[in-house]
Amino acid sequence: PEAITVQELANRMAEKGADLVKALFNMGMMVTVNQTIDQDTAELLVEEFGHNITRVSESDVDISTEEDVDPEETLKPRPPVVTIMGHVDHGKTSLLDALRGANVTKGEAGGITQHIGAYQITTKGKEKQKVTFLDTPGHEAFTQMRQRGANVTDIVVLVVAADDGIMPQTIEAINHTKAAGVPMIVAINKCDKPEANPQKVRERLLEHEVIVEAMSGDVQDVEVSAKTGAGLDDLLEKILLQAELMELKANPERFAEATVVEAQLDKGRGPVATVLVNRGTLKRGDTFVVGTESGRVRALIDDHGKQVKEAGPATPVEVLGLGGVPQAGDMLTVVENEQRAREVAQYRQEKATEKRTALAPTNFDTMFNTSD
Ligand code: GTP
Ligand code: MG
């Protein structure tokens, strides 16, 4: 059963917190307005004050996505989401640039990636398969998303520079990948350099229990050069092979659910979130809830900076029209109308406040010295 603070209950009943405390005192309970009471007590109080009780369960008010499973026949293949991880300067962004035929690295301040880049490429072969890539600065974003229960990554590409070898953030990336239980492909980069020693990288990986194919293990590895483009087709092929084994699918024909990859307040455009659609199709004009905010999709911008009308599963897209800045890992959920969006957002805001209140220290424990 749900617990509620006395103050929160008072707010809902439009009564004074102190009056509730008094009533509780008369019922033999010594509590402060910041303390929580159980549902039965709350109901007693509500009756005492002559209000009607409507017991609402969380799933009536909030959106539960777990229970809402798409039937098998609605599922369609979707592109894999690949996160690129590795030590600073090992060539993550360069590798992505080379794969996309773009040049993001050049525009970066000091050549350091500051925010997550989310891109989609289409393979050149006749099948024209799509692959979504996330370029992560450090690994905080990956960890943050995982901590919030959002596992958007299907495959990790671990980039290790062949001239520099295994470095602290390489190890960190290995640990994150293992903790997430996501398959890894090792891209040994900068193989064009005379001092490159890819074999040493493979050997050193053994110490971290990453056994690549060349060492009779089952982790795919590939020697590449973002500079010359050597091995890139091979890398893509390995990604697609891994993805095929995973049979990644999603229902594109439903209200969209998307994960916030990053968000910020843009001077000119207001709150902007980069999201990755998990399932369904996100459309311009859609009403949604994200975290404790509601909003309406004012514009969708793809990874080429172009406005698009919609974005399907595994597509990264920038969303404009948010009520506030959400957090990485928050789920954006499209709902049927604005009223529903506001209702859910408000409910979540109340819950968030409740949680803060419940966590706030009540001087109660310090009032009585219980140590003996
Ligand atoms: P952070 O975003 O700061 O973590 O770095 P990053 O991993 O994205 O590395 P980035 O792509 O910015 O590359 C770092 C440097 O290595 C740049 O000067 C690149 O030009 C260089 N570089 C990347 N790949 C290669 C390669 O295959 N060969 C050579 N010779 N240089 C490369
Ligand atoms: Mg980078």
Side-chain angles (χ1 to χ4, degrees), residues 81-121 131-146 152-153 155-177 180 182 184-202 204-205 208 210 212 214 220-239 261-262 264 274 276 303-305 316 318 328:
V81 178
V82 180
T83 298
I84 314 268
M85 296 213 259
H87 195 70
V88 175
D89 269 358
H90 278 198
K92 299 178 290 294
T93 307
S94 302
L95 212 54
L96 253 175
D97 277 352
L99 286 167
R100 297 169 61 221
N103 203 339
V104 171
T105 329
K106 229 177 185 169
E108 288 179 344
I112 298 169
T113 305
Q114 303 287 357
H115 68 101
I116 300 176
Y119 311 99
Q120 196 168 62
I121 65 151
V131 182
T132 301
F133 286 101
L134 296 180
D135 183 12
T136 58
H139 304 127
E140 297 91 28
F142 184 82
T143 319
Q144 197 185 352
M145 276 194 273
R146 277 213 329 114
V152 294
T153 305
I155 299 167
V156 165
V157 168
L158 179 71
V159 178
V160 189
D163 59 336
D164 206 21
I166 312 296
M167 297 301 276
Q169 275 186 284
T170 315
I171 299 166
E172 211 181 283
I174 292 170
N175 293 336
H176 285 320
T177 309
V182 174
M184 183 199 294
I185 297 172
V186 180
I188 307 176
N189 191 31
K190 306 199 186 183
C191 284
D192 59 283
K193 286 195 161 185
E195 63 271 38
N197 191 346
Q199 188 54 24
K200 192 176 162 204
V201 171
R202 293 190 192 98
R204 290 282 320 278
L205 281 172
H208 304 281
V210 177
V212 297
Q220 300 196 83
D221 66 305
V222 50
E223 291 182 19
V224 297
S225 165
K227 194 177 173 188
T228 67
L232 293 184
D233 288 343
D234 203 12
L235 174 62
L236 258 186
E237 212 167 282
K238 288 191 149 85
I239 291 170
V261 174
E262 84 181 328
Q264 70 271 326
T274 302
L276 202 58
D303 53 349
H304 294 102
E318 265 188 344

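Both ligands and their constituent atoms are indexed starting at 1 by order of listing. Only heavy atoms go into these numbers, but all of them, side chains included; no hydrogens, no water, no symmetry mates.
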Are any of the N/O atoms in Gly91 less than 3.5 Å from those in ligand 1? yes

Quick one: do Glu223 and Arg202 make a salt bridge, cutoff under 4.0 Å? yes

Below 4.0 angstrom, N of the basic side chain to O of the carboxylate: do Asp163 and Lys193 qualify? yes

Atoms in ligand 1 flagged as close to Val88, the criterion being non-hydrogen separation under 4.0 Å: 3 (O), 4 (O)

Between NZ of Lys238 and CD1 of Ile185, what distance do you get to the nearest 0.5 Å? 8.5 Å

For Asp233, does the CG atom have more than 12 heavy-atom neighbours from other residues, nucleotides or ligands under 6.0 Å away? no

Is it the case that Thr93 and Asp135 place a side-chain donor and acceptor less than 3.5 Å from each other? yes

Determine whether a donor-acceptor pair (N or O, by modelled atom type, separation under 3.5 Å) exists between the side chain of Thr83 and the backbone of Ile155. no

Mind counting the protein N, O or S atoms sitting less than 2.8 Å from the Mg ion (ligand 2)? 2

Heavy-atom pairs closer than 4.0 Å: do any link ligand 1 to the side chain of Lys193, the backbone, both, or neither? side chain

Should the proximity of Thr93 to ligand 1, defined as any heavy atom under 4.0 Å, be assigned to the side chain, the backbone, both, or neither? both

How many angstroms lie between CG in Asn175 and OG1 in Thr177, if you round to the nearest 0.5 Å? 8.5 Å

Could you tell me whether a side-chain N or O of Lys92 sits under 3.5 Å from a main-chain N or O of His87, the two making a donor and an acceptor? yes

Ser94 N/O to ligand 1 N/O under 3.5 Å: yes

When only distance counts, is Ala226 in polar contact with ligand 1, meaning an N/O pair under 3.5 Å? yes

Against heavy atoms of Asp192, which atoms of ligand 1 measure under 4.0 Å? 26 (C), 27 (O), 28 (N), 29 (C), 30 (N)

CD of Glu237: more than 12 outside heavy atoms within 6.0 angstrom? no

